[in-house]
Amino acid sequence: MSRAFFRPVLSLAAITCLFAGAAGAQERYSFDEETLEIVHALSEAGLDSDLAYELTEELTTVIGPRFAGTEQDVRARAWAVNRLTELGFENVRDEEFEMDFWTRGPFGAEEVYITAPFPQPLIATTLGGSAGTPDGGIEAEVVFFASFDDLVAYDDAPDALQGKIVYVNDRMVAAQNASGYSPANRKRTQAWFHAEDRGAVGVLVRSVGTSSNRFPHTGMMSRPEGRRATIPAMALAGPDADQMQRIHERGETITLRMSTQAGWRGRATSGNVIGEIVGSEAPEEIIVIGGHLDTWDNSPGALDDGSGVGITTAAAKLILDSGHRPRRTIRVVLFGAEEVGLLGARAYAQARVEDGTLDNHIIGSESDLGAGPVWRLTSNVAAHAYPFFDAMQVEMQHLGVLRGPNSGSGGPDIIPLQALGMPVARLQQDGMEIFEFHHTPNDTFDKIVPEEMAQNVAAWTMFTWFLADTEMQFREVAEE
Ligand SMILES: [Zn+2]
(Lines give C-alpha, C1' and ligand atoms only; values in the text may rest on other atoms or scores of the structure.)
Protein backbone atom coordinates (compact mmCIF):
# COMPACT_ATOMS: atom_id res chain seq x y z
CA MET A 1 0.00 0.00 0.00
CA SER A 2 1.39 3.37 -0.90
CA ARG A 3 -0.06 6.82 -1.23
CA ALA A 4 0.86 10.12 -2.79
CA PHE A 5 1.41 13.20 -0.68
CA PHE A 6 0.66 16.66 -1.98
CA ARG A 7 3.30 19.32 -2.09
CA PRO A 8 1.92 22.78 -1.32
CA VAL A 9 2.69 25.67 -3.60
CA LEU A 10 1.27 28.34 -1.29
CA SER A 11 1.66 28.66 2.44
CA LEU A 12 -1.34 26.88 3.88
CA ALA A 13 -1.27 29.19 6.88
CA ALA A 14 -2.19 32.05 4.60
CA ILE A 15 -5.44 30.43 3.54
CA THR A 16 -6.52 29.23 6.95
CA CYS A 17 -9.10 31.45 8.54
CA LEU A 18 -11.25 29.14 10.63
CA PHE A 19 -9.43 26.57 12.68
CA ALA A 20 -10.43 25.13 16.01
CA GLY A 21 -7.48 23.65 17.82
CA ALA A 22 -7.12 21.10 20.60
CA ALA A 23 -8.65 23.44 23.16
CA GLY A 24 -11.37 24.83 20.91
CA ALA A 25 -11.41 28.17 19.09
CA GLN A 26 -8.78 30.53 20.44
CA GLU A 27 -6.04 32.87 19.33
CA ARG A 28 -3.97 31.73 16.37
CA TYR A 29 -0.22 31.39 16.18
CA SER A 30 1.52 32.47 12.98
CA PHE A 31 4.96 31.39 11.88
CA ASP A 32 7.12 33.99 10.17
CA GLU A 33 7.84 33.74 6.44
CA GLU A 34 11.43 32.58 6.91
CA THR A 35 10.33 29.68 9.13
CA LEU A 36 7.70 28.67 6.59
CA GLU A 37 10.23 28.78 3.76
CA ILE A 38 12.65 26.58 5.70
CA VAL A 39 10.07 23.99 6.76
CA HIS A 40 8.56 23.73 3.29
CA ALA A 41 12.02 23.14 1.85
CA LEU A 42 12.65 20.53 4.57
CA SER A 43 9.35 18.82 3.73
CA GLU A 44 10.32 18.64 0.04
CA ALA A 45 13.72 17.26 0.97
CA GLY A 46 12.09 14.69 3.26
CA LEU A 47 9.71 13.44 0.57
CA ASP A 48 12.67 13.11 -1.80
CA SER A 49 15.04 11.47 0.69
CA ASP A 50 15.74 7.76 0.90
CA LEU A 51 18.22 8.12 3.78
CA ALA A 52 15.85 6.67 6.41
CA TYR A 53 15.21 3.67 4.17
CA GLU A 54 18.95 3.19 3.55
CA LEU A 55 19.87 3.49 7.23
CA THR A 56 17.18 0.99 8.23
CA GLU A 57 18.25 -1.40 5.46
CA GLU A 58 21.85 -1.22 6.65
CA LEU A 59 21.05 -1.62 10.36
CA THR A 60 18.73 -4.59 9.82
CA THR A 61 21.02 -6.28 7.29
CA VAL A 62 24.50 -5.69 8.69
CA ILE A 63 23.59 -6.04 12.37
CA GLY A 64 20.28 -7.96 12.28
CA PRO A 65 18.69 -8.71 15.67
CA ARG A 66 20.24 -6.60 18.45
CA PHE A 67 18.91 -7.81 21.77
CA ALA A 68 20.05 -5.67 24.68
CA GLY A 69 23.19 -6.84 26.43
CA THR A 70 24.33 -9.19 23.65
CA GLU A 71 27.29 -9.03 21.26
CA GLN A 72 24.87 -7.73 18.56
CA ASP A 73 23.94 -4.84 20.87
CA VAL A 74 27.66 -3.93 21.04
CA ARG A 75 27.88 -4.05 17.23
CA ALA A 76 24.69 -1.99 16.82
CA ARG A 77 26.02 0.75 19.10
CA ALA A 78 29.35 0.83 17.26
CA TRP A 79 27.43 1.08 13.97
CA ALA A 80 25.32 3.95 15.31
CA VAL A 81 28.34 5.88 16.63
CA ASN A 82 30.08 5.50 13.25
CA ARG A 83 27.01 6.43 11.23
CA LEU A 84 26.12 9.52 13.31
CA THR A 85 29.75 10.66 13.08
CA GLU A 86 29.94 10.13 9.31
CA LEU A 87 26.66 12.01 8.84
CA GLY A 88 28.17 15.04 10.58
CA PHE A 89 26.44 15.05 13.97
CA GLU A 90 28.26 16.69 16.89
CA ASN A 91 29.09 15.36 20.37
CA VAL A 92 28.52 11.76 19.25
CA ARG A 93 28.79 9.34 22.17
CA ASP A 94 27.62 6.05 23.63
CA GLU A 95 26.39 6.46 27.22
CA GLU A 96 26.71 2.99 28.69
CA PHE A 97 24.70 1.52 31.57
CA GLU A 98 24.48 -1.80 33.39
CA MET A 99 21.41 -4.01 33.35
CA ASP A 100 20.03 -7.36 34.49
CA PHE A 101 20.37 -9.81 31.61
CA TRP A 102 17.69 -12.32 30.63
CA THR A 103 17.74 -14.67 27.63
CA ARG A 104 15.37 -17.30 26.29
CA GLY A 105 18.17 -19.82 25.78
CA PRO A 106 18.63 -21.55 22.44
CA PHE A 107 15.96 -21.11 19.78
CA GLY A 108 14.21 -24.42 19.18
CA ALA A 109 14.44 -25.29 22.87
CA GLU A 110 10.96 -23.86 23.48
CA GLU A 111 7.96 -26.15 23.31
CA VAL A 112 4.25 -26.10 24.03
CA TYR A 113 2.56 -29.45 23.38
CA ILE A 114 -1.03 -30.53 24.02
CA THR A 115 -0.76 -33.95 25.67
CA ALA A 116 -4.54 -34.44 26.14
CA PRO A 117 -7.22 -34.71 24.90
CA PHE A 118 -5.89 -34.27 21.32
CA PRO A 119 -2.08 -34.56 21.35
CA GLN A 120 -0.36 -32.02 19.08
CA PRO A 121 2.35 -29.36 19.06
CA LEU A 122 1.55 -25.65 19.23
CA ILE A 123 3.64 -22.68 18.07
CA ALA A 124 4.76 -20.54 21.01
CA THR A 125 7.46 -18.18 22.20
CA THR A 126 8.86 -17.58 25.67
CA LEU A 127 8.03 -14.21 27.24
CA GLY A 128 10.80 -11.96 28.53
CA GLY A 129 11.45 -12.53 32.20
CA SER A 130 10.13 -16.12 32.15
CA ALA A 131 11.73 -18.74 34.35
CA GLY A 132 13.03 -21.92 32.76
CA THR A 133 11.49 -25.36 33.23
CA PRO A 134 13.20 -28.52 34.48
CA ASP A 135 14.61 -30.81 31.75
CA GLY A 136 11.71 -32.45 29.96
CA GLY A 137 9.44 -29.51 30.83
CA ILE A 138 6.38 -29.38 33.03
CA GLU A 139 3.06 -31.05 32.34
CA ALA A 140 -0.18 -29.94 33.95
CA GLU A 141 -3.89 -29.40 33.50
CA VAL A 142 -4.95 -26.07 32.02
CA VAL A 143 -7.34 -23.62 33.64
CA PHE A 144 -8.82 -21.61 30.76
CA PHE A 145 -9.52 -17.90 31.34
CA ALA A 146 -11.46 -16.07 28.63
CA SER A 147 -9.86 -12.81 29.70
CA PHE A 148 -7.20 -11.28 31.92
CA ASP A 149 -9.95 -9.69 34.01
CA ASP A 150 -11.39 -13.17 34.69
CA LEU A 151 -8.00 -14.27 36.02
CA VAL A 152 -7.70 -11.21 38.25
CA ALA A 153 -11.24 -11.77 39.60
CA TYR A 154 -10.64 -15.49 40.25
CA ASP A 155 -10.44 -16.88 43.79
CA ASP A 156 -7.20 -15.42 45.12
CA ALA A 157 -6.43 -18.12 47.69
CA PRO A 158 -2.74 -19.06 47.49
CA ASP A 159 -3.66 -22.58 46.34
CA ALA A 160 -6.59 -21.65 44.06
CA LEU A 161 -4.63 -22.70 40.94
CA GLN A 162 -2.24 -25.12 42.66
CA GLY A 163 -0.34 -27.25 40.15
CA LYS A 164 -2.20 -25.83 37.13
CA ILE A 165 -1.15 -24.05 33.96
CA VAL A 166 -3.05 -20.78 33.54
CA TYR A 167 -4.16 -19.92 30.00
CA VAL A 168 -5.47 -16.40 29.14
CA ASN A 169 -7.27 -15.97 25.84
CA ASP A 170 -8.35 -12.35 25.27
CA ARG A 171 -7.63 -10.83 21.86
CA MET A 172 -5.99 -7.65 20.73
CA VAL A 173 -8.11 -5.40 18.50
CA ALA A 174 -6.37 -3.54 15.66
CA ALA A 175 -6.92 0.23 15.70
CA GLN A 176 -5.46 3.25 13.92
CA ASN A 177 -4.48 4.81 17.26
CA ALA A 178 -3.12 1.46 18.55
CA SER A 179 -5.56 1.66 21.47
CA GLY A 180 -6.01 -2.12 21.45
CA TYR A 181 -2.46 -2.71 22.65
CA SER A 182 -2.55 -1.59 26.28
CA PRO A 183 -5.60 -3.59 27.37
CA ALA A 184 -4.42 -6.72 25.53
CA ASN A 185 -0.91 -6.32 26.88
CA ARG A 186 -1.99 -6.69 30.52
CA LYS A 187 -2.05 -10.48 30.16
CA ARG A 188 1.52 -10.51 28.84
CA THR A 189 2.92 -8.22 31.51
CA GLN A 190 0.86 -9.19 34.58
CA ALA A 191 -0.77 -12.63 34.21
CA TRP A 192 2.37 -14.36 35.51
CA PHE A 193 2.14 -13.04 39.06
CA HIS A 194 -1.62 -13.46 39.29
CA ALA A 195 -1.00 -17.13 38.32
CA GLU A 196 2.10 -17.63 40.47
CA ASP A 197 0.43 -16.12 43.56
CA ARG A 198 -2.36 -18.71 43.28
CA GLY A 199 0.01 -21.66 43.01
CA ALA A 200 0.10 -22.14 39.21
CA VAL A 201 3.13 -23.92 37.71
CA GLY A 202 3.06 -22.11 34.34
CA VAL A 203 1.30 -19.38 32.38
CA LEU A 204 0.40 -19.28 28.72
CA VAL A 205 -1.32 -16.41 26.90
CA ARG A 206 -2.69 -15.67 23.47
CA SER A 207 -0.05 -13.51 21.75
CA VAL A 208 -0.43 -9.75 22.11
CA GLY A 209 -0.71 -9.00 18.41
CA THR A 210 -3.05 -9.27 15.48
CA SER A 211 -1.27 -11.73 13.19
CA SER A 212 -3.37 -14.59 11.86
CA ASN A 213 -0.18 -16.33 10.78
CA ARG A 214 1.65 -18.76 13.04
CA PHE A 215 4.07 -16.15 14.39
CA PRO A 216 3.94 -15.87 18.17
CA HIS A 217 4.59 -12.38 19.59
CA THR A 218 7.12 -12.18 22.40
CA GLY A 219 7.55 -9.26 24.82
CA MET A 220 8.64 -8.41 28.32
CA MET A 221 6.72 -9.18 31.47
CA SER A 222 6.56 -6.60 34.21
CA ARG A 223 8.67 -6.94 37.34
CA PRO A 224 6.79 -5.30 40.22
CA GLU A 225 9.42 -4.13 42.73
CA GLY A 226 12.09 -6.07 40.86
CA ARG A 227 10.35 -9.40 41.42
CA ARG A 228 11.30 -12.26 39.08
CA ALA A 229 8.95 -14.96 37.83
CA THR A 230 9.61 -18.46 39.18
CA ILE A 231 7.27 -20.11 36.65
CA PRO A 232 7.58 -20.41 32.85
CA ALA A 233 5.55 -17.92 30.78
CA MET A 234 4.90 -18.26 27.06
CA ALA A 235 2.68 -16.83 24.29
CA LEU A 236 0.85 -18.82 21.61
CA ALA A 237 0.57 -17.74 17.99
CA GLY A 238 -2.94 -16.49 17.13
CA PRO A 239 -4.08 -19.61 15.21
CA ASP A 240 -2.75 -21.83 18.00
CA ALA A 241 -4.68 -19.80 20.55
CA ASP A 242 -7.77 -20.33 18.36
CA GLN A 243 -7.03 -24.07 18.50
CA MET A 244 -6.94 -23.96 22.32
CA GLN A 245 -10.23 -22.09 22.33
CA ARG A 246 -11.94 -24.64 20.05
CA ILE A 247 -10.81 -27.56 22.20
CA HIS A 248 -12.00 -25.73 25.33
CA GLU A 249 -15.37 -24.97 23.71
CA ARG A 250 -15.83 -28.71 23.14
CA GLY A 251 -15.99 -29.02 26.93
CA GLU A 252 -12.65 -30.83 27.12
CA THR A 253 -10.07 -30.50 29.87
CA ILE A 254 -6.72 -29.69 28.27
CA THR A 255 -3.36 -30.94 29.51
CA LEU A 256 -0.19 -29.25 28.25
CA ARG A 257 3.54 -29.73 28.33
CA MET A 258 5.66 -26.55 28.40
CA SER A 259 9.40 -26.35 28.22
CA THR A 260 11.84 -23.45 27.92
CA GLN A 261 15.45 -22.81 28.94
CA ALA A 262 14.86 -19.12 29.66
CA GLY A 263 16.34 -17.39 32.66
CA TRP A 264 18.16 -14.45 34.21
CA ARG A 265 21.88 -14.66 33.52
CA GLY A 266 23.78 -12.09 35.52
CA ARG A 267 24.53 -8.53 34.45
CA ALA A 268 25.31 -6.99 31.07
CA THR A 269 26.11 -3.64 29.49
CA SER A 270 24.03 -1.67 27.00
CA GLY A 271 24.02 2.00 26.03
CA ASN A 272 22.26 5.02 24.55
CA VAL A 273 23.91 6.40 21.41
CA ILE A 274 23.61 10.18 21.11
CA GLY A 275 24.39 12.72 18.40
CA GLU A 276 23.58 16.43 18.29
CA ILE A 277 23.09 19.50 16.15
CA VAL A 278 24.24 22.19 18.56
CA GLY A 279 21.89 25.17 18.70
CA SER A 280 23.02 28.58 17.45
CA GLU A 281 21.45 30.87 20.07
CA ALA A 282 20.29 28.66 22.94
CA PRO A 283 22.56 25.61 22.72
CA GLU A 284 21.75 24.61 26.32
CA GLU A 285 18.07 24.12 25.39
CA ILE A 286 17.52 20.57 24.13
CA ILE A 287 14.93 18.99 21.84
CA VAL A 288 15.11 15.19 22.19
CA ILE A 289 14.11 13.02 19.25
CA GLY A 290 14.96 9.42 18.44
CA GLY A 291 14.05 5.76 18.40
CA HIS A 292 15.38 2.65 20.09
CA LEU A 293 18.34 0.75 18.77
CA ASP A 294 17.66 -2.61 20.44
CA THR A 295 15.20 -5.24 19.22
CA TRP A 296 13.72 -8.48 20.37
CA ASP A 297 15.99 -11.49 19.85
CA ASN A 298 13.75 -13.11 17.26
CA SER A 299 13.91 -10.59 14.38
CA PRO A 300 16.00 -7.82 12.82
CA GLY A 301 13.40 -5.36 14.10
CA ALA A 302 12.81 -3.39 10.91
CA LEU A 303 9.56 -1.87 12.18
CA ASP A 304 10.46 -2.08 15.89
CA ASP A 305 12.43 0.06 15.85
CA GLY A 306 14.95 0.16 13.00
CA SER A 307 12.54 2.47 11.20
CA GLY A 308 12.37 4.92 14.13
CA VAL A 309 16.18 5.06 14.17
CA GLY A 310 16.21 5.69 10.41
CA ILE A 311 13.36 8.23 10.37
CA THR A 312 14.58 10.48 13.18
CA THR A 313 18.25 10.30 12.18
CA ALA A 314 17.37 11.17 8.58
CA ALA A 315 15.06 14.02 9.67
CA ALA A 316 17.84 15.60 11.73
CA LYS A 317 20.38 15.04 8.92
CA LEU A 318 18.15 17.02 6.53
CA ILE A 319 18.31 19.92 8.99
CA LEU A 320 22.12 19.56 9.15
CA ASP A 321 22.20 19.75 5.35
CA SER A 322 19.70 22.62 5.07
CA GLY A 323 22.23 25.39 5.54
CA HIS A 324 20.27 26.62 8.57
CA ARG A 325 21.15 25.99 12.19
CA PRO A 326 18.26 26.07 14.69
CA ARG A 327 18.30 28.20 17.87
CA ARG A 328 18.16 25.15 20.15
CA THR A 329 20.12 21.92 20.24
CA ILE A 330 18.58 18.93 18.51
CA ARG A 331 19.65 15.78 20.32
CA VAL A 332 19.08 12.46 18.55
CA VAL A 333 18.99 9.67 21.13
CA LEU A 334 19.07 6.07 19.93
CA PHE A 335 17.96 4.40 23.14
CA GLY A 336 19.26 1.02 24.31
CA ALA A 337 17.40 -1.78 26.07
CA GLU A 338 13.89 -0.45 25.39
CA GLU A 339 12.33 -3.86 24.85
CA VAL A 340 13.47 -5.25 28.18
CA GLY A 341 11.88 -2.50 30.27
CA LEU A 342 12.82 1.02 29.00
CA LEU A 343 16.21 0.54 30.68
CA GLY A 344 18.05 2.95 28.39
CA ALA A 345 15.34 5.57 28.77
CA ARG A 346 15.51 5.29 32.56
CA ALA A 347 19.32 5.49 32.50
CA TYR A 348 19.16 8.56 30.23
CA ALA A 349 16.68 10.37 32.51
CA GLN A 350 18.67 9.44 35.63
CA ALA A 351 21.88 10.77 34.03
CA ARG A 352 20.15 14.10 33.25
CA VAL A 353 18.94 14.39 36.84
CA GLU A 354 22.55 13.81 37.93
CA ASP A 355 24.17 16.22 35.47
CA GLY A 356 21.55 18.91 36.17
CA THR A 357 20.34 19.30 32.55
CA LEU A 358 16.86 17.83 32.99
CA ASP A 359 15.14 21.24 33.06
CA ASN A 360 16.94 22.18 29.81
CA HIS A 361 14.93 19.48 28.05
CA ILE A 362 12.34 21.60 26.25
CA ILE A 363 10.31 18.79 24.68
CA GLY A 364 10.81 15.19 23.53
CA SER A 365 9.38 12.72 21.04
CA GLU A 366 10.15 9.23 19.76
CA SER A 367 9.26 7.35 16.56
CA ASP A 368 8.41 3.80 17.65
CA LEU A 369 5.36 2.42 15.90
CA GLY A 370 6.82 1.13 12.65
CA ALA A 371 7.13 2.90 9.32
CA GLY A 372 3.48 3.48 8.38
CA PRO A 373 2.19 6.96 7.61
CA VAL A 374 1.97 9.63 10.29
CA TRP A 375 -1.73 10.49 10.60
CA ARG A 376 -1.88 12.96 13.47
CA LEU A 377 0.10 15.28 15.68
CA THR A 378 -0.57 14.97 19.39
CA SER A 379 0.96 17.06 22.13
CA ASN A 380 1.10 17.06 25.89
CA VAL A 381 2.10 20.64 26.60
CA ALA A 382 0.89 23.68 28.56
CA ALA A 383 -2.30 25.34 27.26
CA HIS A 384 -0.51 28.49 26.06
CA ALA A 385 1.31 26.33 23.47
CA TYR A 386 -1.80 24.80 21.87
CA PRO A 387 -1.98 27.44 19.12
CA PHE A 388 1.66 26.76 18.26
CA PHE A 389 0.90 23.05 17.73
CA ASP A 390 -2.31 23.87 15.89
CA ALA A 391 -0.27 26.02 13.50
CA MET A 392 2.31 23.23 13.06
CA GLN A 393 -0.45 20.85 12.00
CA VAL A 394 -1.76 23.33 9.44
CA GLU A 395 1.68 23.30 7.80
CA MET A 396 1.63 19.47 7.75
CA GLN A 397 -1.79 19.08 6.11
CA HIS A 398 -0.21 18.32 2.74
CA LEU A 399 1.29 15.21 4.37
CA GLY A 400 -2.14 14.04 5.57
CA VAL A 401 -1.42 14.87 9.22
CA LEU A 402 -4.38 15.73 11.46
CA ARG A 403 -4.31 17.55 14.81
CA GLY A 404 -4.73 15.10 17.69
CA PRO A 405 -5.52 15.65 21.36
CA ASN A 406 -3.31 17.28 23.97
CA SER A 407 -2.75 14.05 25.90
CA GLY A 408 -0.70 10.89 25.93
CA SER A 409 2.99 10.15 25.75
CA GLY A 410 5.83 11.08 23.41
CA GLY A 411 6.68 7.40 22.87
CA PRO A 412 7.90 4.68 25.25
CA ASP A 413 11.47 5.92 25.72
CA ILE A 414 10.18 9.42 26.49
CA ILE A 415 8.04 8.22 29.42
CA PRO A 416 10.73 8.58 32.13
CA LEU A 417 11.50 12.17 31.04
CA GLN A 418 7.79 12.99 30.86
CA ALA A 419 7.36 11.61 34.38
CA LEU A 420 9.99 14.15 35.46
CA GLY A 421 8.01 17.01 33.93
CA MET A 422 9.26 17.30 30.35
CA PRO A 423 6.57 18.25 27.81
CA VAL A 424 6.06 15.78 24.93
CA ALA A 425 4.53 15.54 21.48
CA ARG A 426 4.07 12.75 19.00
CA LEU A 427 3.73 12.20 15.29
CA GLN A 428 1.39 9.24 15.58
CA GLN A 429 1.79 6.56 12.95
CA ASP A 430 -1.05 4.45 11.63
CA GLY A 431 -1.35 1.52 14.05
CA MET A 432 -3.54 -0.81 11.98
CA GLU A 433 -0.82 -3.09 10.60
CA ILE A 434 2.19 -2.88 12.92
CA PHE A 435 0.82 -5.48 15.36
CA GLU A 436 0.79 -8.09 12.61
CA PHE A 437 4.59 -8.07 12.91
CA HIS A 438 5.46 -6.54 16.29
CA HIS A 439 7.81 -8.75 18.37
CA THR A 440 7.60 -11.65 15.88
CA PRO A 441 10.25 -13.18 13.57
CA ASN A 442 8.27 -11.59 10.73
CA ASP A 443 9.37 -7.99 11.56
CA THR A 444 11.66 -7.75 8.55
CA PHE A 445 12.84 -5.04 6.16
CA ASP A 446 10.49 -6.00 3.29
CA LYS A 447 7.54 -4.69 5.38
CA ILE A 448 8.67 -1.07 4.96
CA VAL A 449 7.04 0.99 2.19
CA PRO A 450 9.59 3.61 1.02
CA GLU A 451 6.98 6.30 0.21
CA GLU A 452 5.39 5.97 3.65
CA MET A 453 8.78 6.18 5.32
CA ALA A 454 9.58 9.35 3.34
CA GLN A 455 6.30 10.91 4.55
CA ASN A 456 7.48 10.23 8.11
CA VAL A 457 10.81 11.91 7.43
CA ALA A 458 9.09 14.95 5.92
CA ALA A 459 6.79 15.28 8.95
CA TRP A 460 9.65 14.71 11.42
CA THR A 461 12.01 17.21 9.84
CA MET A 462 9.31 19.92 9.89
CA PHE A 463 8.28 19.02 13.45
CA THR A 464 11.88 19.07 14.68
CA TRP A 465 12.66 22.42 13.05
CA PHE A 466 9.50 24.06 14.42
CA LEU A 467 10.37 22.96 17.98
CA ALA A 468 14.09 23.68 17.77
CA ASP A 469 13.97 27.12 16.14
CA THR A 470 11.41 28.82 18.36
CA GLU A 471 11.54 30.67 21.67
CA MET A 472 8.22 29.09 22.65
CA GLN A 473 8.33 27.21 25.95
CA PHE A 474 6.02 24.23 26.38
CA ARG A 475 5.93 23.91 30.16
CA GLU A 476 3.41 25.68 32.37
CA VAL A 477 4.54 29.26 32.97
CA ALA A 478 4.10 30.61 36.50
CA GLU A 479 1.55 33.46 36.72
CA GLU A 480 3.11 36.84 37.42
ZN1 LIG B 1 9.68 -0.42 19.96
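Both backbone and side-chain heavy atoms feed into the values below; hydrogens, waters and symmetry mates do not. Every number for a ligand or one of its atoms is a count from 1 in the order of the listing.
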Could you tell me whether R426 and D368 have a side-chain N and a carboxylate O separated by less than 4.0 Å?
-> no
Ring centroid separation F101 to W264 under 6.0 Å | no
Inspect the contact between D240 and R206 and indicate whether a charged nitrogen and a carboxylate oxygen are less than 4.0 angstrom apart.
-> no
Measure from the Zn ion (ligand 1) to every N/O/S atom of H292 and report the name of the nearest one.
-> NE2
Is any N, O or S atom of D304 under 2.8 Å away from the Zn ion (ligand 1)?
-> yes
Is E276 paired with R93 through a side-chain N to carboxylate O contact shorter than 4.0 Å?
-> yes
Is it true that some N/O/S atom of E339, main chain or side chain, lies under 2.8 Å from the Zn ion (ligand 1)?
-> no
